[in-house]
Q: 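Can you keep this structure in mind? I'll have questions shortly.
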Amino acid sequence: CSSDLRGLLSGYEDNRCDMTYMFEVPIYQKIKLPKKVARLYPKYKLYLYGEGAHAEMNKNLTLTGIPVLFLPGNAGSYKQVRSLGSVALRKADNIALKFHFNFFSIDFHEELVALYGGSLERQTEFVHECIKVILRLYRGRDRKS
């Protein structure tokens, strides 16, 4: 019994997480929101994430990828999308996928929401508006590209 307790207290697992690395400069392109939305939620913003040449290609918002919306958690930063966006971009490039992802991220101004439902409700309403904006960016696009 004492050896089990000693093993529990002194044992550890190997860290199986790998560090993500970026190969190009991250770009967080601010997406213009409708005036009404910007007025109702002045602290919140929507961004499109990209790196280097990929960010340059998306500069005019002629998007051909599959949209992904990243929502930071309590007091989180919209810039946390970098890890997911960078890895997905590299994977698509490395295995020559016929598709790629466009990562969007919401800036909630690192708002604390874990203990107050009113802020969470406000963020949910903003997310709803952002989804409509993102879908409008893809309106009329060929779904096969």
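Everything quoted here is computed from the prediction, not taken from an experiment. The first residue in the sequence is number 1, and the count goes up from there.
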Q: Report the residues that fulfil ring pair (Phe, Tyr, Trp, His ring centres under 6.0 Å) with Tyr78, sequence neighbours left out, ordered by chain and then residue number.
A: Tyr28, Tyr47
Q: Using 0.5 Å steps for rounding, measure from the OG atom of Ser105 to the CD atom of Gln80.
A: 8.0 Å
Q: Quick one: list whatever passes ring pair (Phe, Tyr, Trp, His ring centres under 6.0 Å) with Phe108, sequence neighbours left out.
A: Tyr44
Q: Do you know which two heavy atoms are closest between Phe101 and Ala88, and how far apart they sit?
A: CD1-CB, 4.2 Å
Q: Taking Lys45 for the side chain and Pro42 for the main chain, is one N or O donor matched with an acceptor at less than 3.5 Å?
A: yes
Q: Only counting residues at least two apart or in another chain, list the ones meeting side chain to side chain contact (heavy atoms under 4.5 Å, CB included) with Leu112.
A: Asn74, Ala75
Q: Consider side-chain contact (heavy atoms from CB on, under 4.5 Å). Of Asp107, Leu69, Ile131, which one does Leu46 pass it with?
A: Leu69
Q: Which residue pairs pass the salt bridge (charged side-chain N to carboxylate O under 4.0 Å, His left out) test with at least one member in residues 56-76, sequence neighbours excluded?
A: Glu56-Lys59
Q: Hey, does the side chain of Asn102 reach the backbone of Gly65 with a donor-acceptor pair shorter than 3.5 angstrom?
A: yes
Q: Got a sec, which residues hit side chain to side chain contact (heavy atoms under 4.5 Å, CB included) with Lys132, two or more places apart in sequence or on another chain?
A: His128, Glu129, Arg136
Q: In chain order, what residues pass the side chain to side chain contact (heavy atoms under 4.5 Å, CB included) check against Ile27, with sequence neighbours excluded?
A: Val25, Ala55
Q: Tell me whether Gln29 contacts the main-chain N or O of Tyr49 through its side chain, where contact means a donor paired with an acceptor under 3.5 Å.
A: no
Q: Donor-acceptor pairs under 3.5 Å, side chain of residues 113-127 to any protein atom, not counting sequence neighbours: which ones?
A:
from: Arg122; atom 1: NH2; to: Leu40; atom 2: O; distance (Å): 2.6
from: Gln123; atom 1: NE2; to: Glu111; atom 2: OE1; distance (Å): 2.9
from: Thr124; atom 1: OG1; to: Leu120; atom 2: O; distance (Å): 2.8
from: Glu125; atom 1: OE1; to: Tyr41; atom 2: OH; distance (Å): 3.4

Q: Between Phe104 and Val68, is a side-chain contact (heavy atoms from CB on, under 4.5 Å) present by the stated rule, with each step listed?
A: CA-CA 6 Å; Phe104 294 86; Val68 176; over 6 Å; no
Q: With a 4.0 Å cut-off, would you call Glu24 and Arg90 a salt bridge?
A: yes
Q: Among Asn58, Val81, Ile134, which one satisfies side-chain contact (heavy atoms from CB on, under 4.5 Å) with Leu48?
A: Asn58
Q: Identify, with sequence neighbours excluded, every residue that meets side chain to side chain contact (heavy atoms under 4.5 Å, CB included) alongside Leu89.
A: Glu51, His54, Asp93
